[in-house]
Amino acid sequence: MGGVDVDPAWPSIALTVNGRRHEVSVPADRRLAGLLRDDLGLTGTKLGCEVGVCGTCTVLVDGLPTSSCLTLAVQVDGASVLTVEGLAAFPELAELGRAFVEEGGFQCGFCTSGQLVAIAGLMLEQRLSSMTSEAVTEHLHGNLCRCTGYYGIQRAIDRARR
Ligand code: FES
Ligand code: FES
């Protein structure tokens, strides 16, 4: 909470982020992305369009891919949030990061955290390996890559699926 002014009138919420519980007071209009980046210092979650279109801000809220730019912090009171920083805690996701590096799954990297989190959600639910390529592509239709590096991303996902 370094350097953040707190108003006693703000609602208090409690949430778990990457396995760690936090109790914070936030203005009613604070977005989840702002809470993660500015209050908790988890800057791996990127802000692109800020209107729910590009997917760079994707985090898992109780296991579901969620645009943190559109989600109010007060809406995640009591929830469990997983950000890109938390993925390293899951050994079953290790191949995903390796695949992105070795298959060239990123160029500038701005979209990468959102892509990784969205795919990690499928892997943690043990759904990825049984999905068709087309179904995975459909699942990721909300994760845009401005560098248009989709071939590398697709190769990395195919490798992670195996
Ligand atoms: S920044 Fe949230 S969807 Fe684009
Ligand atoms: S790698 Fe640059 S936006 Fe996707």
Side-chain angles (χ1 to χ4, degrees), residues 15-22 30-38 40-162:
L15 72 163
T16 301
V17 181
N18 300 335
R20 185 170 163 207
R21 185 177 160 82
H22 297 271
R30 167 82 86 211
R31 305 299 164 115
L32 175 56
L35 170 66
L36 294 170
R37 290 177 51 83
D38 301 332
L40 303 184
L42 297 169
T43 55
T45 299
K46 305 300 184 199
L47 277 170
C49 68
E50 302 193 39
V51 291
V53 172
C54 73
T56 62
C57 66
T58 303
V59 298
L60 298 181
V61 176
D62 291 334
L64 295 177
T66 301
S67 295
S68 60
C69 71
L70 289 185
T71 305
L72 294 173
V74 291
Q75 290 177 292
V76 297
D77 187 19
S80 180
V81 177
L82 186 63
T83 73
V84 70
E85 290 91 344
L87 302 187
F90 296 88
E92 63 267 46
L93 299 179
E95 181 58 24
L96 178 60
R98 260 196 304 274
F100 262 72
V101 171
E102 292 174 10
E103 299 294 341
F106 53 84
Q107 294 179 43
C108 78
F110 195 76
C111 70
T112 308
S113 57
Q115 306 271 7
L116 289 172
V117 168
I119 301 159
L122 294 175
M123 294 179 80
L124 292 172
E125 290 183 337
Q126 300 185 328
R127 289 172 55 202
L128 183 65
S129 55
S130 62
M131 291 171 76
T132 63
S133 234
E134 293 73 25
V136 175
T137 301
E138 174 63 25
H139 182 81
L140 294 174
H141 77 277
N143 288 86
L144 306 183
C145 175
R146 290 168 179 77
C147 299
T148 66
Y150 292 107
Y151 287 119
I153 293 169
Q154 190 63 56
R155 281 196 305 273
I157 295 169
D158 285 344
R159 180 163 157 178
R161 292 170 71 217
R162 294 193 292 270

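- In this structure, R159 and E95 have side chains that are in contact, with non-hydrogen atoms separated by less than 4.5 Å.
- Looking at heavy atoms from C-beta onward, V81 lies out of side-chain contact with T16 at the 4.5 angstrom threshold.
- Side-chain contact check for C111 versus F106: every heavy-atom pair is 4.5 Å or farther apart.
- With hydrogens and angles ignored, the 3.5 Å screen pairs no side-chain donor or acceptor of R21 with any backbone N or O of L15.
- No side-chain heavy atom of T58 sits under 4.5 Å from any side-chain heavy atom of V84.
- A donor-acceptor contact shorter than 3.5 Å links the side chain of T56 to the backbone of G48.
- Side chain of R155 to main chain of E103: a donor-acceptor pair is present (N/O by atom type, distance under 3.5 Å, no hydrogens or angles).
- At a threshold of 4.5 Å between non-hydrogen side-chain atoms, the residues Q154 and S133 count as touching.
- Annotation: the span from L60 atom CG to E125 atom CD amounts to 8.5 Å, rounded to 0.5 Å.
- Proximity of a side-chain donor or acceptor of S113 to a complementary backbone N or O of G44 within less than 3.5 Å is detected.
- Counting heavy atoms from C-beta outward, L35 and L32 have side chains that approach closer than 4.5 Å.
- Residues C49 and C54 approach most closely at SG-N, 3.3 Å, considering heavy atoms.
- Between F90 and M123 the shortest side-chain heavy-atom distance does not fall below 4.5 Å.
- D62 places no side-chain N or O within donor-acceptor distance of the main-chain N or O of A79, the cut-off being under 3.5 Å.
- Few gaps surround CD on E92; more than 12 heavy atoms of other groups in view lie less than 6.0 Å from it.
- The backbone N or O of E85 lies less than 3.5 Å from a partner atom in the side chain of T83, making a donor-acceptor pair.
- The shortest heavy-atom contact between F110 and R146 is CD2-NH1, 4.2 Å.
- Taking 4.0 Å as the cut-off between side-chain N and carboxylate O, D158 and R161 count as a salt-bridged pair.
- Within the 4.5 Å cutoff, the side chain of V61 has no heavy atoms near those of the L82 side chain.
- The backbone N or O of L42 sits nowhere less than 3.5 Å from a side-chain atom of R37 that would complete a donor-acceptor pair.
- Heavy atoms of other residues, nucleotides or ligands lying less than 6.0 angstrom from OH of Y150 number more than 12.
- Atom-to-atom distance recorded for L116:CG and N143:CG is 10.0 Å, nearest 0.5 angstrom.
- In summary, R31 and E50 do not engage in a salt bridge, as defined by a charged side-chain N under 4.0 Å from a carboxylate O.
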